[in-house]
Amino acid sequence: MTEQTLSIIKPDGVKKGLSGKIISIFEENGFEIKALKKVHLTKKQAEGFYYIHKERPFFNSLVAFMTEGPIIPLVLSCENAILKNRDIMGATNPKDAKEGTIRKMFAESIERNVVHGSDSIESAKFEIAYFFNVFEIL
């Protein structure tokens, strides 16, 4: 089934100049890019996006990290996009990520892990709508 998912190239990926490489990896793996933009989140925007983690101990450091520089949210589409994107990204902790995954190749740590990807259809719908309106998704 064709799905859409949200992926974000996080501030560390943008700062390191990895955006083009990461986008190429998505395209080489059969994703169609339906939308993308470059934005710099405010603290309030980052808190709203990550609200499901607000009770977690890492919430404040995550918000601080996601606001330290620009990010690139993308809407990706293909068969089983959510699972496929998560496979291509690799485990959240790059030490546990498989060889050839984005996080294994580029991430520094569990927090500075270069990319985000939706983990379910429900979160993908919320996350896509958080960054894009219907006129921006082709």
Side-chain angles (χ1 to χ4, degrees):
M1 177 175 91
T2 300
E3 293 175 337
Q4 289 186 343
T5 189
L6 184 87
S7 189
I8 298 173
I9 302 172
K10 294 180 177 181
D12 54 335
V14 174
K15 185 177 181 180
K16 291 178 186 177
L18 299 172
S19 304
K21 289 178 184 174
I22 292 169
I23 291 167
S24 291
I25 291 168
F26 291 139
E27 290 182 322
E28 289 163 7
N29 281 278
F31 286 99
E32 183 180 349
I33 297 171
K34 296 290 194 174
L36 79 130
K37 61 173 76 171
K38 190 175 195 178
V39 296
H40 195 146
L41 294 176
T42 65
K43 182 180 181 199
K44 186 175 181 177
Q45 289 168 328
E47 288 171 344
F49 184 73
Y50 285 109
Y51 80 96
I52 61 168
H53 298 303
K54 67 182 176 194
E55 302 303 322
R56 296 261 179 89
F58 59 82
F59 179 74
N60 289 330
S61 63
L62 177 60
V63 167
F65 166 55
M66 290 299 289
T67 59
E68 74 182 29
I71 63 169
I72 300 176
L74 306 99
V75 178
L76 304 174
S77 178
C78 72
E79 292 287 314
N80 300 309
I82 295 165
L83 182 60
K84 187 172 183 177
N85 183 37
R86 295 188 69 75
D87 286 344
I88 291 166
M89 288 189 313
T92 305
N93 186 339
K95 292 177 184 173
D96 300 330
K98 292 180 184 172
E99 288 298 325
T101 61
I102 293 170
R103 289 176 173 154
K104 187 66 166 186
M105 291 187 288
F106 304 125
E108 292 175 27
S109 67
I110 196 165
E111 281 197 342
R112 294 184 170 275
N113 61 17
V114 184
V115 286
H116 163 89
S118 304
D119 63 4
S120 68
I121 291 172
E122 296 76 25
S123 66
K125 286 179 182 176
F126 166 79
E127 292 176 354
I128 289 169
Y130 199 85
F131 287 103
F132 299 96
N133 70 50
V134 295
F135 301 107
E136 297 174 305
I137 301 170
L138 304 178

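Sequence positions, counted from 1, serve as the residue numbers for this chain.
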Using the rule that two of Ile, Leu, Val, Met, Phe, Trp, Tyr join whenever any of their side-chain heavy atoms come within less than 4.5 Å, decide whether Leu41 and Ile128 are in one cluster. yes
Output all residues satisfying side-chain hydrogen bond (donor to acceptor under 3.5 Å, both in side chains) with Asn113, sequence neighbours left out; order by chain, then residue number. Lys10
For Lys43, the salt bridge (charged side-chain N to carboxylate O under 4.0 Å, His left out) test, sequence neighbours excluded, returns Glu47
Membership question, hydrophobic clusters at under 4.5 Å side-chain separation (ILVMFWY): are Phe126 and Ile52 in the same one? yes
Nearest 0.5 Å, what's the OG-CZ distance between Ser61 and Arg56? 12.5 Å
What pairs with Phe31 under ring pair (Phe, Tyr, Trp, His ring centres under 6.0 Å), at least two apart in sequence or on another chain? Phe26
Anything under 3.5 Å between a donor and an acceptor, one on a side chain of residues 83-92, the other on a protein residue two or more places apart or in another chain? List them.
unit_1: Lys84; atom_1: NZ; unit_2: Asn29; atom_2: O; d: 2.4
unit_1: Arg86; atom_1: NH1; unit_2: Gly117; atom_2: O; d: 2.8

Do the two ring centres, one from Tyr130 and one from Tyr51, sit under 6.0 Å apart? no
Distance-only, no hydrogens or angles: does the Glu32 side chain make a donor-acceptor pair with backbone N or O of Ser77 under 3.5 Å? no
To the nearest 0.5 Å, what is the distance between CZ (Phe58) and CG (Asn60)? 11.0 Å
Do you know which two heavy atoms are closest between His40 and Pro70, and how far apart they sit? ND1-N, 4.0 Å
Answer with yes or no whether the hydrophobic clustering places Met105 together with Ile110; edges join I, L, V, M, F, W, Y residues whose side-chain heavy atoms lie under 4.5 Å apart. no
Just verifying a value: how many Å separate Leu74 CG and Ile22 CD1, rounded to the nearest 0.5 Å? 9.0 Å
Side chain of Arg103, backbone of Val115: donor and acceptor closer than 3.5 Å? yes
List for me each residue that meets salt bridge (charged side-chain N to carboxylate O under 4.0 Å, His left out) alongside Lys125, sequence neighbours excluded, and say none if there are none. none
Within a strict 4.5 Å, meaning less than it, do heavy atoms of the Ile71 and Phe131 side chains meet? yes
Can you name the closest pair of heavy atoms from Thr5 and Ser118 and give their distance? OG1-CB, 3.3 Å
By salt bridge (charged side-chain N to carboxylate O under 4.0 Å, His left out), which residues pair with Glu111, not counting sequence neighbours? none
Can you name the ring pair (Phe, Tyr, Trp, His ring centres under 6.0 Å) partners of Phe106, sequence neighbours left out? none
Looking only at heavy atoms, what is the nearest atom pair of Ala124 and Ile82, with distance? CB-CD1, 4.1 Å
Test log, rule side chain to side chain contact (heavy atoms under 4.5 Å, CB included), inputs His116 and Glu127: CA-CA 11 Å; His116 163 89; Glu127 292 176 354; 3.0 Å; yes
Restricting to side-chain hydrogen bond (donor to acceptor under 3.5 Å, both in side chains), what partner residues turn up for Lys37, sequence neighbours left out? Glu136
Before giving the answer on side chain to side chain contact (heavy atoms under 4.5 Å, CB included), spell out for Glu108 and Lys16 the whole-Å C-alpha distance, their side-chain angles and the decisive distance to 0.1 Å. CA-CA 11 Å; Glu108 292 175 27; Lys16 291 178 186 177; 3.2 Å; yes
Residues two or more places apart in sequence or in another chain: which of them pass side-chain hydrogen bond (donor to acceptor under 3.5 Å, both in side chains) with Asn93? none
I'd like to check the salt bridge (charged side-chain N to carboxylate O under 4.0 Å, His left out) partners of Glu27; sequence neighbours left out, ordered by chain and number. none
Can you list the residues that meet the side-chain hydrogen bond (donor to acceptor under 3.5 Å, both in side chains) rule with Thr2, with sequence neighbours excluded? Glu79
Side chain to side chain contact (heavy atoms under 4.5 Å, CB included) between Leu6 and Phe49, worked out: CA-CA 12 Å; Leu6 184 87; Phe49 184 73; 4.0 Å; yes
Let me see the working for Leu76 and Ile33 under side chain to side chain contact (heavy atoms under 4.5 Å, CB included), right down to the final yes or no. CA-CA 5 Å; Leu76 304 174; Ile33 297 171; 3.9 Å; yes
Please say yes or no: joined through hydrophobic side-chain contacts below 4.5 Å, possibly via intermediate residues, are Phe65 and Ile9 part of one cluster? no
Quick one: CD1 on Ile72 to CG on Leu18, what's the gap to the nearest 0.5 Å? 10.0 Å
Are Val14 and Val39 co-members of a hydrophobic cluster defined by side-chain heavy atoms under 4.5 Å apart? no
Listed pairs under 3.5 Å, donor-acceptor, residues 95-102 side chains, sequence neighbours left out:
unit_1: Thr101; atom_1: OG1; unit_2: Lys98; atom_2: O; d: 2.7
unit_1: Thr101; atom_1: OG1; unit_2: Lys104; atom_2: N; d: 3.3

